[in-house]
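A quick write-up on the structure given underneath.
Numbered from 1 within each chain, the chains take letters A, B, ... in sequence-line order.
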Amino acid sequence: MAQKPNIPKGTRDFSPSEIAKRDYIFGVIKKHFKTFGFQPIETPSFENSETLMGKYGDEGDRLIFKILNSGDFLSKVDEDTYGAKDSKTLTQKISEKALRYDLTVPFARYVVMHQNEIDFPFKRYQIQPVWRADRPQKGRFREFYQCDADVVGSDSLLQEVELIQLYDAVFSDLKMEGVTIKLNNRKILAGIAEVIGAGHLLVDFTVALDKLDKIGVEGVQKEMLAKGISETAIAKAAPLFELSGDNTEQLNSLKELLADSEEGSKGVEELEFIIDAIANLELKSAALKIDVTLARGLNYYTGAIFEVGAPKGVKMGSIGGGGRYDDLTGIFGLKNVSGVGISFGLDRIYLVLEELGLFPETLDRSLDVLCINFGDKEAMTALTLVTQLRNRGVSSDVYPSKAKMQKQMKYANNRKVPYVILIGENEMDTKTFVVKEMASGEQRTFALSDIDGFVKTL
RNA sequence: GUGGUUGUAGCUCAGCUGGUUAGAGCGCUGGAUUGUGGUUCCAGAGGUCGCCGGUUCGAACCCGGUCUUCCACCCCA
């Protein structure tokens with residue numbers, strides 16, 4: 001009995017028209033990565049487990065796809081470990097490799113391993129799939145592409161400024177107008193926690209704050225209280241919930257609030273530098289906005305934090321994110337190398353472009369010219385013509401069999417071929433070919449010797 | 001990991017409180033039309049009703065399990 005074919009949940013097949021659209025996005029992103037001076041690298045799909053485990057927090061560890069060891073792996077497990085039935089301990093014994101969870105940690109590993117051949121500052125880009133053992137839902141897959149650009153070996157804030165410009169350049173080029181680049185700084189979050197006297201609960205504090213737009217002021221306060229943050233501390237943080245106005249006004253409020261915190265003031269200073277620089281340079285279509293509730297990737301970010309929100313009206317999680325991490329390569333033994341990077345979520349960008357109808361129409365043109373097949377003799381002449389068209393870079397084909405005209409025309413139609421060429425008996429006699437423009441239905445006749453005359457009209 | 005949701009022809013979906021041979025539109029194939037498609041007309045093919053088990057005289061429909069889809073939470077691109 002034939003088995004019903006299927007694919008694992010959270011994975012997808014990509015058909016020709018989808019590939020065309022994905023390639024279009026990849027192309028735009030890659031183009032701008034290059035013009036900003038980034039160089040490509042690639043790393044393996046799977047890494048040694050110890051490279052990945054513990055880098056993304058407990059939640060992250062759970063979402064890492066583990067690869068079972070080869071061979072008779074269970075026989076090597078001692079009775080105690082096996083009998084304890086503790087998944088975490090057992091997993092370490094039977095799985096030593098895991099699928100890449102993001103591109104940043106493998107990149108950090110790469111930098112440390114190749115530090116002697118790298119010229120710092122090193123600007124690298126990387127476009128590869130990553131895997132997460134997550135439950136799929138809107139815009140979330142178990143296999144998806146990330147497009148990362150990171151700079152290591154420079155602590156200059158100019159890098160942050162450039163990365164914001166890079167976001168703007170890519171989304172403007174994709175005609176996705178109205179994206180919001182949200183900006184925050186880890187130092188500000190730490191400063192606030194310090195000022196209100198909840199420094200030891202920084203993570204809980206920021207995680208709760210991050211949910212402000214989702215559960216509201218009261219919800220956030222409730223969660224903070226539940227996490228053990230005192231009422232007086234929450235009361236002190238009250239001005240945060242009322243931050244409003246443009247970036248300058250928010251900066252002024254933050255300056256005041258964080259005046260007594262050295263770290264917090266440093267964060268405000270950094271934020272101000274970036275905001276001022278971008279104000280001078282001007283963005284094409286994106287909006288840069290301070291958002292103190294932004295608290296992503298707390299596990300390794302130490303300075304700036306970025307997140308890109310889809311244009312208004314599109315219900316979609318963030319379509320990009322990034323930030324500065326001072327200590328990432330430290331885990332692998334290389335100290336004092338600062339890095340800052342951003343990521344584009346290809347699959348989500350795809351969904352947004354689709355929803356807004358922003359893909360160029362020409363993308364689904366996979367064949368420029370199709371020659372109708374009228375029989376063996378005519379087909380030979382057609383193939384000669386097609387060969388010469390191909391030599392000139394025109395994608396063209398001869399219908400492989402002498403099917404009914406209707407069928408051949410229908411095929412051309414479905415493939416969205418803009419030009420159909422007819423070479424039948426009449427044309428053979430007069431050494432000509434007829435070109436039918438499918439959109440208008442108009443037909444023109446060219447001499448077989450005048451291929452360039454036709455190519456010029458394309 | 002928690003909660004909910006979905007599964008019927010290649011695709012999008014009907015199918016009333018369980019009742020005989022499970023339907024439509026689109027698509028596909030053939031013909032009307034021997035060199036003209038996207039807009040006509042006629043005919044035809046195509047379904048273990050996700051899978052396994054249970055209740056019943058009888059299940060696409062009810063019950064249990066399982067897989068899948070989509071959504072929310074957690075987390076995140």
* **For RNA chain B, the dot-bracket pattern of Watson-Crick and G-U pairs whose distances stay under 3.5 Å, | for other-strand partners** => ((((..(..((((.....[...)))).(((((.......))))).....(((((..]....))))))..))))....
* **Pair A:Tyr125 and A:Phe33, ring centroids less than 6.0 Å apart** => yes
* Should A:Asp397 and A:Arg390 count as an ion pair when the cut-off is N to O under 4.0 Å? -> yes
* Contact list for residues 395-417 of chain A, test ring pair (Phe, Tyr, Trp, His ring centres under 6.0 Å), sequence neighbours left out -> A:Tyr399-A:Tyr411
* Structure fact -> Here the distance between atom C1' of B:rU2 and atom CD of A:Gln137, to the nearest Å, is 12 Å
* **Distance-only donor-acceptor test (3.5 Å): side chain A:Arg135, base B:rU69** => no
* **Under 3.5 Å: donor-acceptor pair, side chain of A:Arg22, backbone of A:Tyr350** => no
* Asked: Below 3.5 Å, does any donor atom in the side chain of A:Arg348 face an acceptor in the base of B:rC76, or the other way round?
  -> yes
* In terms of side-chain geometry, is the basic nitrogen of A:Glu18 or A:Arg12 positioned less than 4.0 Å from the acidic oxygen of its partner? -> no
* Asked: Judged by atom type as modelled, is there a donor-acceptor pair below 3.5 Å linking the side chain of A:Ser172 to the main-chain atoms of A:Ala169?
  -> no
* Structure fact -> Given protein heavy atoms under 4.0 Å, the one-letter contact record of nucleotides 34-44 of chain B, with B base, S sugar-phosphate only and - none, is simply -BBBB------
* Under-3.5 Å donor-acceptor pair between A:Arg132 side chain and B:rC75 base -> no
